[in-house]
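Since the model is a prediction, treat every value here as computed from it, not as a measurement. Note that the numbering runs from 1 along the sequence shown for the chain.
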Amino acid sequence: MAGRGRSSDRIEPSFSGRPARDDDEFSLDADDRVIGSRSARRGGSRPPPQRPARQRRREPRELEGGGFFGFLRRVVYWCVVLFIWAGIGVAGLVVYYGSRMPSASTWAIPERPPNVKITAVDGSVIANRGATGGEALSLENMSPYIPEAVIAIEDRRFYSHFGVDPLGLGRAIVTNLTAGHMVQGGSTLTQQLAKNLFLSPERTLERKVQEVLLALWLEQKYTKDQILAMYLNRVFFGSNAYGVEAASRRYFNKSARDVNLGEAAVLAGLLKAPSRLSPARDADAANARAQLVLAAMREQGFITDSEVKTAMSQTPASAKSYWSGAGHYVADMVMDQLPGLIGDVKEDVIVDTTIDKSLEKKAEQSLVDVLDKEGGKLDASQAALVSIDGTGAIRALVGGKDYATSQFNRAVKAKRQPGSSFKPFVYAAALEKGLTPFSVFNDAPIRIGDWTPENYEKKYNGEVTLATALSKSLNTVAAQLVMYDGPDQVIKLAHRLGIESELQPNASIALGTSEVSLMELTASYAAFMNGGYKATPHVIRRVTTADGKVLYENTYDSPPRVMSEQIAAQMNAMMMGVIDNGTGKSAKIPGWQAAGKTGTTQNSRDALFVGFTSNLTTGVWFGNDDGKPMKKVTGGGLPAKAWKEFMIAAHKGLSPAPLFGNGQLIGDPNGQPMAQTAPDGGQPVTAEVPPPTTIGGIISGVFGGNENANRYPQAPVRQPTATAGNGPIPPADVAEGNGGGYGNVVPPGDVGAPQTTSSVQPRRTTLLDLIMGQ
């Protein structure tokens, strides 16, 4: 029973009729236990023993907790997650854009555009030409201030980063966000070099990724110094200057080897904005930027406070707006000729020229002085000068008043009428035909067809020797000589001496109506100076590569003879008279023998003086580019004055030396300098020759005569000559008995008084003969 009673008192646990627990644990209350019921039945009053409740398991939310630290933990957690995903994204972009680039095994530094370094005879640089505008220099050869300044302002951790500078990039981002606009870049010098070498300037994500990859490649393949040198020799500095050498010469007219601290700061400052900060455009902005560069250099420990103060006084205030100086006319001329000598320029080359820089500066100054002093009042705005030695080497060349204003080379490319400066070729041709400086012509009105040449002063002198006619630049005598020689003979001699331009075979060639360049005219005069040898004008002596390999060397050391010594000596003596007592008196050089000839074209559109000493032959031209007439400017005026100023400066310190022939006539029994009279001291003798038949007379006869025939007598034509010994001589009946063997010949023609007959038979001349130059 007992057992049944106990059994009947057992209470089984139940899960119904009670609220569910959140913790889903199994538990019993005291009322649910059997022992509790038994005790109650026995009437005990002691409460049942309490068992401690089991601790509940907490949810994750409870483990995280709350408050600030919980928030901070969550931020860190998600930042790590985002960083991982960002890294995955960046890696994906790098892989994608990298796959669009050529294989790294094919990457190579592109060749730097070749530079042409043009030097004077003393080795100094005249100019650099090429896409870069300057030669490449190693870090050791450039001023040490330049790399220091660039590193300080552009990439202060250049020598410590691996091509990309995360710190610099982060600093740039913060700075730009603070400023609200782009004020600082995060690219390293290596990245900038990669961009300049391989990439376009467009700002895209693809280009930026490729820039980083290329920068890493550069850092792996080259040393820091090599990367810095490549950067400094290729970066753009404004004004078409690429590299520090080009920029230094552009802004300071000196090599990057010689740049001081202040100038280096200006160059480094240009890199931020080459055009806006150019000292040629805004000197104040350039100087302000240079101060920031100096401060950065001081902060990095490159310079001291005292050096900063010194540099501030060295910083240039301004720069010229463009390359200036007459040397650039020479440089342009060199670049025109270079392809014909060595072909395409594929590497850096050095061109040694014949130019003397001191003479070049003196030549430019002489033209500027005369133009500034008298050019304005005489309506002369331009001038040019060429100076050549006896071998044809160009020692000085000025193509215009100011290269910065106009780069057109008037000394080489402009072709203008030479005027009377062409007459020496006419006289030389006459001497080769047998006439002499003492041969007499009649200076009087003359007509050649419809052409009636007049003297500049519209006065006539009657009978004069050739020497007097040349010194006074008498047009009527020159016109007679052309008809005596034949235009073709004059042209042949001019071409032989060095005139390359096409010349028209007409009578007016005597007065220089065919156009030539100043350079070829001057070079032709050099044949008189050097005793009859051709002086081919040239400015390039040698072309070599940067490592010394000779690509070209001129061969003008054995010029051909183009004129006999006797003719050259006689012409020199005659042209001395032009300066001593003729139209070129303004060109007289104290203590030196000098010879030359003036030239003036119609209405003073062009004025020239070409002359020489024993050292140099120099030609000077004055005029206007548009052909506007000057105010009565002649070759004996402005050109002769500029010629004299230059030649005096060029001969300073040199011992005077006589001209070839010493100003004497070869064969003169008395050995005396040439005089403007017959050799025996008497009066010139007039030869008796028959009247010729001229083209004007033939045309007049065919068409019924000319009413002006009596007023303007016909011009003479060539008379027959004989050949004896070493050249043409006058006919025997006029050459004998006229003192010292020099015949005084008046070419045939109704010039002045009527001529008497002679035993010399006239040559039958037809219209065809005259047209063909026979």
Side-chain angles (χ1 to χ4, degrees), residues 121 353-356 359 363 385-397 411 418 421-429 431-432 437 470 492-500 516-541 554-579 584 587 589 592-597 609-620 643 646-647 650-651 654-667 673-674 726-727:
V121 290
T353 71
T354 60
I355 296 295
D356 184 322
L359 293 183
L385 181 150
V386 179
S387 189
I388 298 175
D389 68 14
T391 68
I394 300 174
R395 297 303 185 187
L397 184 146
S421 60
F422 191 83
K423 287 178 181 177
F425 305 118
V426 177
Y427 281 76
L431 296 185
E432 287 188 343
L470 182 61
K492 288 179 181 178
L493 182 138
H495 284 163
R496 202 166 74 226
L497 267 60
I499 296 293
E500 297 180 351
V516 299
S517 72
L518 180 63
M519 185 177 71
E520 60 185 324
L521 180 65
T522 304
S524 299
Y525 270 56
F528 299 120
M529 177 190 75
N530 65 25
Y533 291 96
K534 186 174 182 178
T536 302
H538 60 279
V539 71
I540 299 177
R541 290 191 302 120
N554 73 48
T555 55
Y556 295 111
D557 52 352
S558 300
R561 176 171 286 281
V562 292
M563 182 186 299
S564 70
E565 293 184 355
Q566 177 176 345
I567 300 299
Q570 288 176 333
M571 287 301 303
N572 288 352
M574 292 172 69
M575 284 191 281
M576 279 182 63
V578 174
I579 292 180
I589 304 176
W592 284 84
Q593 286 187 351
K597 185 67 187 75
F609 185 85
V610 186
F612 50 89
T613 63
S614 57
N615 294 321
L616 293 172
T617 299
T618 301
V620 179
W643 185 92
F646 166 72
M647 294 293 272
H651 289 75
L654 301 178
S655 299
L659 289 172
F660 179 81
N662 200 26
Q664 298 177 350
L665 293 174
I666 295 177
M674 184 200 68
N726 55 0

Worksheet, complete the sentence: Hits for salt bridge (charged side-chain N to carboxylate O under 4.0 Å, His left out) against Asp356, two or more places apart or cross-chain, chain-then-number order -> none
Worksheet entry | Met529/Ile388 under side chain to side chain contact (heavy atoms under 4.5 Å, CB included): CA gap, chis, key distance, verdict | CA-CA 10 Å; Met529 177 190 75; Ile388 298 175; over 6 Å; no
Discussion item. Any side-chain to backbone donor/acceptor pair from Thr617 onto Thr522? Under 3.5 Å, distance only.
Written reply: no
Fill in: Exam field: side chain Asn554 to backbone Ile540, donor-acceptor pair closer than 3.5 Å
yes
Worksheet item: Shortest non-hydrogen contact from Ala428 to Ile567?
Response: O-CG2, 4.3 Å
Item to complete: Please round to the nearest 0.5 Å and tell me the distance separating atom CD of Gln566 and atom CG of Leu431.
Response: 8.5 Å
Discussion item. So Ile589 and Trp643, do their side chains get closer than 4.5 Å, heavy atoms only?
Written reply: yes
Worksheet item: Does Lys597 offer a backbone N or O that forms a donor-acceptor pair with the side chain of Tyr525 under 3.5 Å?
Response: no
Discussion item. Does any part of the side chain of Ser387, heavy atoms only, come nearer than 4.5 Å to the side chain of Leu359, both counted from C-beta?
Written reply: no
Worksheet item: Hey, what's the ring geometry for Phe528 with Phe612, parallel, tilted or perpendicular (30° and 60° as the breaks)?
Response: parallel
Fill in: Shortest non-hydrogen contact from Leu659 toward Ala594
CD1-C, 4.0 Å
Fill in: Phe422 and Val610: CA distance, side-chain angles, deciding distance, side chain to side chain contact (heavy atoms under 4.5 Å, CB included) verdict
CA-CA 10 Å; Phe422 191 83; Val610 186; over 6 Å; no
Fill in: For the student: nearest non-hydrogen atoms of Thr618 and Met647, plus distance
OG1-SD, 3.2 Å
Worksheet item: Is it true that a side-chain atom of Ser614 and a backbone atom of Ala657 form a donor plus acceptor pair closer than 3.5 Å?
Response: yes
Discussion item. With a 3.5 Å distance limit and no angle check, can you tell me whether Ser524 reaches the backbone of Ile499 through a side-chain donor-acceptor pair?
Written reply: yes
Worksheet item: How far apart are the closest heavy atoms of Asn530 and Gly390, and which atoms are they?
Response: ND2-O, 2.9 Å
Practice prompt. Could you tell me which non-hydrogen atom of Gly661 sits nearest to which non-hydrogen atom of Ala569, and how far apart they are?
Written response: CA-CB, 4.0 Å
Worksheet item: Using the ring of each side chain (for Trp, its six-membered ring), is Tyr556 parallel, tilted or perpendicular to His538, with breaks at 30° and 60°?
Response: parallel
Worksheet item: Is a side-chain donor or acceptor of Asn572 paired with a backbone partner of Met575 at a separation under 3.5 angstrom?
Response: no
Worksheet, complete the sentence: The reported gap from CE in Met563 to CZ in Arg496 (rounded to nearest 0.5 angstrom) is 7.0 Å
Discussion item. Just by distance, no angles: are the side chains of Thr613 and Asn615 close enough, under 3.5 Å, to form a donor-acceptor pair?
Written reply: no
Worksheet item: Shortest non-hydrogen contact from Ala526 to Asp389?
Response: CB-O, 4.3 Å
Worksheet item: Between Gln593 and Ile579, is a side chain to side chain contact (heavy atoms under 4.5 Å, CB included) present by the stated rule, with each step listed?
Response: CA-CA 9 Å; Gln593 286 187 351; Ile579 292 180; over 6 Å; no
Worksheet item: About how many Å separate OH of Tyr427 and CG of Leu493, when rounded to the nearest 0.5 Å?
Response: 14.5 Å
Worksheet entry | Check: Gly531 main-chain N/O paired with Arg561 side-chain donor or acceptor under 3.5 Å | yes
Item to complete: Let me see the working for Leu397 and Val539 under side chain to side chain contact (heavy atoms under 4.5 Å, CB included), right down to the final yes or no.
Response: CA-CA 10 Å; Leu397 184 146; Val539 71; over 6 Å; no
Worksheet item: Taking the side chain as C-beta and beyond, is there a heavy-atom pair between Val121 and Arg395 under 4.5 Å?
Response: yes
